[in-house]
Amino acid sequence: MYDLLALTDADWRQHLDYAAGLARRLDAGLTGLRVFPSPYVADGLYGYGAGDTAALVLDSVRKAESTAQADGVAFATWAAEAGILAPAWQVAEGSLPAVLRRLGNRHDLLLLEREAQSEEQHARLGAIVLECGMPVILVPAQATARLDCIAVAWNGSAEALRALQAARPLLACAQRVVVLRGELHDRYAEIGWLPPFDLDLHLQRHGIRAEYRGITGPEGEAGRSLLAAAREVGADLLVMGAFGRTRFSEWVFGGATRQVVAEAELPVLLRH
């Protein structure tokens with residue numbers, strides 16, 4: 001069974017309609033996840049000072065975690081009414097990317113609400129998408145879990161191929177798959193003993209027939225050109241590789257990925 005993981009907050013009921021719809025389409029399990037930052041630092045002391053202040057912070061965190069654990073009962077009821085086959089509820093404490101890396105070993109896809117894009121939110125999304133070890137669907141507000149048409153961004157890179165592989169169960173549900181070809185960057189072209197990758201043959205082997213469209217645009221506007229092409233074909237979901245790098249201790253997106261994450265009005269599946 002395909003397993004979805006949805007990151008939630010205290011208002012989880014407002015954010016899981018897309019996750020429920022996707023779980024039904026895929027006959028997938030769905031785990032709701034709430035993560036709390038640990039109040040401890042590495043040397044065993046509280047990260048908020050000492051004495052009474054630390055005790056109050058720890059008590060507040062524990063009360064919030066207890067409330068989150070109790071939400072599991074409401075989640076199970078909601079999931080049954082939503083027709084989800086295998087619901088689960090998970091509460092964890094620790095660094096969000098670290099928790100997601102651990103849970104990524106037992107889930108196939110992470111669903112994450114795309115919030116307003118401040119610099120802090122951008123850094124948070126970068127850390128999650130680029131470090132969690134799972135494909136991620138960024139879900140804008142009010143999105144509907146339709147898979148009638150899926151657009152796939154393709155430039156021959158390893159990231160694009162990983163995104164394609166991660167999206168295969170979704171592509172199999174689509175009535176129409178449109179591959180948006182950009183400038184090809186085959187990082188393995190210098191390895192002479194490897195045969196060239198035939199994208200169309202690969203898709204056909206998995207029962208997926210695709211249309212192909214080239215995309216062009218001015219330098220520095222690749223992300224916007226990709227979004228314009230996805231709108232033009234009426235895509236319900238955009239699949240693309242996520243490009244990023246570390247800047248000191250912070251993960252940040254590359255230019256095209258940054259534009260898509262900041263401006264996309266449709267759900268986007270990203271895989272680093």
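This chain uses plain numbering: 1 for the first residue, then up along the sequence.
- There is a side-chain donor-acceptor pair under 3.5 Å between Q165 and H202.
- The CZ atom of R25 sits 13.5 Å away from atom OH of Y2, with the distance rounded to the nearest 0.5 Å.
- The side chain to side chain contact (heavy atoms under 4.5 Å, CB included) test with L147 is passed by exactly one of V177, L237, L171: L237.
- Using bins of under 30°, 30° to 60° and over 60° for the plane-to-plane angle, the ring pair W12/W78 lands in the perpendicular bin.
- A side chain to side chain contact (heavy atoms under 4.5 Å, CB included) with Q90 is found for exactly one of V35, T8, L33, namely L33.
- Between L100 atom CG and R102 atom CZ the span is 12.5 Å, to the nearest 0.5 Å.
- For A264, the side-chain contact (heavy atoms from CB on, under 4.5 Å) criterion is met by L227, V260, L266, V268, not counting sequence neighbours.
- Rounding to the nearest 0.5 Å places CG of L16 at 10.0 Å from CG of L7.
- Within a 6.0 Å radius of CZ in R146, other residues, nucleotides and ligands contribute 12 heavy atoms or fewer.
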* Run the numbers on L110 and I128 for side-chain contact (heavy atoms from CB on, under 4.5 Å), then give the verdict. => CA-CA 10 Å; L110 173 65; I128 292 173; 3.8 Å; yes
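- The line from CZ of R106 to CG of D3 is 10.5 Å long, rounded to the nearest 0.5 Å.
- Note that CZ of R205 and CG of D198 are 8.0 Å apart. Values are rounded to the nearest 0.5 Å.
- Of the options R114, R224, R258, R231, a salt bridge (Lys or Arg N to Asp or Glu O under 4.0 Å) to E263 is made by R224 and by none of the others.
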